[in-house]
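Quick note on labels: first sequence line is chain A, next is B, and so on, each numbered from 1.
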Amino acid sequence: MFKYEVLKVCKQSGARVGKLTTPHGEILTPVFMPVGTNATVKGLTPRDVEETKASIILANTFHLYLRPGEDLVAKAGGLHNFMQWNKPILTDSGGFQVFSLSKLRKINDDGVTFSSYIDGSKHFMSPEKAIQIENKLGADIIMAFDECTEGNADYAESRTALRRTNLWLDRCYKEHKNENQMLFPIVQGNMYKDLRIESVKRVLDYAKCGFSIGGLSVGEPKPVMYEMLDTLREFYPVDQPRYLMGVGSPDCLVEGVLRGIDMFDCVIPTRMARNGTAFTRNGNLTIRNATFAEDFLPVEEGCDCYCCRNFSRAYIRHLIKSDEILGGVLLSIHNIRFLTKLMEDIRQSIWEDRFGDFYKDFVSKYKWGKS
RNA sequence: GGGUAGAUUCCCGAGCGGCCAAAGGGAGCAGACUGUAAAUCUGCCGUCUCUGACUUCGGUGGUCCGAAUCCACCUCUACCCA
């Protein structure tokens with residue numbers, strides 16, 4: 001049911017194109033996966049998401065457990081049916097929420113006790129429970145329940161979190177019974193090379209058709225993240241996709257592929273869209289800014305997305321300034337399409353053994369902020 | 001014609017003798033955002049030679065050591081009475 005094949009390795013860079021087969025379809029890697037935490041990519045219909053050529057999206061166990069509840073999703077026929085997305089879905093386990101909602105939780109080896117951000121009610125999440133919920137939600141790929149630490153966590157704290165992540169990893173695999181779902185283990189270890197290496201070795205004892213790298217892009221500088229990826233690289237088996245969790249700025253995607261990463265997800269294209277910023281190959285454009293008030297060009301010339309084919313920067317700026325929902329919707333469409341197109345172009349350059357050149361060209365043009 | 005209330009920095013609006021360049025909104029401008037408690041958050045928002053100085057609170061004149069705040073007249077606005 002699950003299969004990963006490497007289709008091509010770039011002679012110039014070593015980056016690769018692969019194909020991951022799942023019950024709901026095939027995914028060409030390297031791939032960017034848009035995030036739809038609450039069983040919706042914010043603001044977009046599945047039709048919109050499909051038009052961006054996204055081949056797989058994320059949803060979140062933690063959020064769907066709190067509302068509407070995994071039983072209701074199961075009753076609806078599973079996530080695919082509930083949200084009307086018939087391509088692959090990956091559910092995150094809620095491990096990241098242990099980190100991002102840290103003020104609301106208490107953690108020990110058994111699991112995590114936390115207060116709901118919705119109504120303050122007390123809940124308990126364990127590796128077993130997370131897997132049970134993910135089984136009910138029915139995504140194609142499900143994530144192990146891990147403990148993610150902050151970018152500046154000290155060694156002792158990082159080691160404790162890793163020990164717990166490892167403990168939980170075993171419990172996740174014992175609990176997981178649904179053969180229609182591939183369980184990905186998660187590498188942790190913060191910014192400590194020895195912990196990262198220990199973690200990846202451990203993870204590979206469990207990984208069958210894919211594994212992921214978590215706990216990066218959590219506040220550390222980008223070069224530190226790249227260093228961690230460089231450290232891990234020699235341990236990767238060739239026959240499994242490698243998923244770098246939570247990474248999605250255009251420059252990080254390119255840097256990640258160069259370091260052997262096959263899968264990425266991130267909220268950043270949709271969040272930045274709602275906050276008025278667009279990705280382009282020449283750098284980010286804060287469409288909200290006054291400079292675009294009378295700019296009647298599309299967000300990015302040459303882009304084939306619905307937004308760029310039809311609307312001007314001036315119009316989108318007007319929508320954003322007027323707090324009209326459509327502004328965020330259109331920019332979300334563009335930003336996601338920008339990333340899926342970036343991945344298409346990366347794959348093409350790998351096929352043609354020129355990803356090294358593509359990388360240099362991209363990095364020389366793309367700027368994150370104002371230059 | 002008579003009466004009453006009012007005129008505050010782009011807008012709304014607080015201030016009612018010193019702690020006022022003047023609360024709070026809004027608008028405007030800019031920044032942040034990486035497994036989404038984020039259509040959110042942060043900063044700036046009179047001028048300047050900017051750890052200080054200068055010019056502002058309808059206008060003019062006055063009282064006072066000191067006025068956006070008190071007094072007089074004027075202008076305008078709203079409502080009421082004729």
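- B:C10 and B:A22 have their P atoms separated by 16 Å, given to the nearest Å.
- At the heavy-atom level, A:Asp265 lies under 4.0 Å from the strands shown only through sugar-phosphate atoms.
- B:C57 and B:U8 are spaced 11 Å apart, taking the P atom of each and rounding to whole Å.
- To the nearest whole angstrom, the two P atoms, one in B:G15 and one in B:C20, are 15 Å apart.
- Taking atom C1' in both B:A21 and B:C50, one finds a spacing of 14 Å when rounded to whole Å.
- The residue A:Gly328 sits apart from the nucleic acid: no heavy atom pair falls under 4.0 Å.
- Evaluation of atom-type donor-acceptor distances gives a pair under 3.5 Å for the side chain of A:Asp146 against the base of B:G35.
- Heavy-atom nearest nucleotides on RNA chain B were determined for A:Asp323 and for A:Tyr243, and the one closer to the 5' end corresponds to A:Tyr243.
- Put simply, OH on A:Tyr117 is 6 Å from C1' on B:A37, counting in whole angstrom units.
- Within the structure, ring-ring contact (aromatic ring centres under 6.0 Å, His included) contacts touching residues 265-291 of chain A (residues at least two apart or in different chains) are A:Phe279-A:Phe338.
- Residues A:Tyr117 and A:His63 have side chains that bring a donor and an acceptor to within less than 3.5 angstrom of each other.
- B:U47 and B:U56 are spaced 10 Å apart, taking the C1' atom of each and rounding to whole Å.
- Comparing B:G66 with B:G17, their C1' atoms sit 8 Å apart, to the nearest whole Å.
- Using a 4.0 Å cut-off between charged side-chain N and carboxylate O, A:Arg202 and A:Glu198 make no salt bridge.
- Checking B:C33, B:G35, B:U36 against every side-chain atom of A:Cys148, the shortest atom distance belongs to B:G35.
- Residues forming a ring-ring contact (aromatic ring centres under 6.0 Å, His included) with A:Tyr243 (at least two apart in sequence, or on another chain): none.
- Side chain A:Thr270 to base B:U36: a donor-acceptor pair is found below 3.5 Å.
- Taking atom P in both B:C76 and B:A23, one finds a spacing of 32 Å when rounded to whole Å.
- Atom CG of A:Asn284 and atom C1' of B:A32 are 12 Å apart (whole Å).
- Base pairing of B:U34 is not made with any nucleotide, judged by Watson-Crick or G-U wobble geometry with both donor-acceptor distances under 3.5 Å.
- Only the P atoms considered, B:G62 is 15 Å distant from B:U69, to the nearest whole Å.
- Atom CD1 in A:Ile268 sits roughly 10 Å away from atom C1' in B:A32 (whole-Å rounding).
- The NZ-C1' distance, from A:Lys42 to B:C33, rounds to 14 Å in whole Å.
- Heavy atoms from other residues, nucleotides or ligands lying under 6.0 Å from NZ of A:Lys11 number 12 at most.
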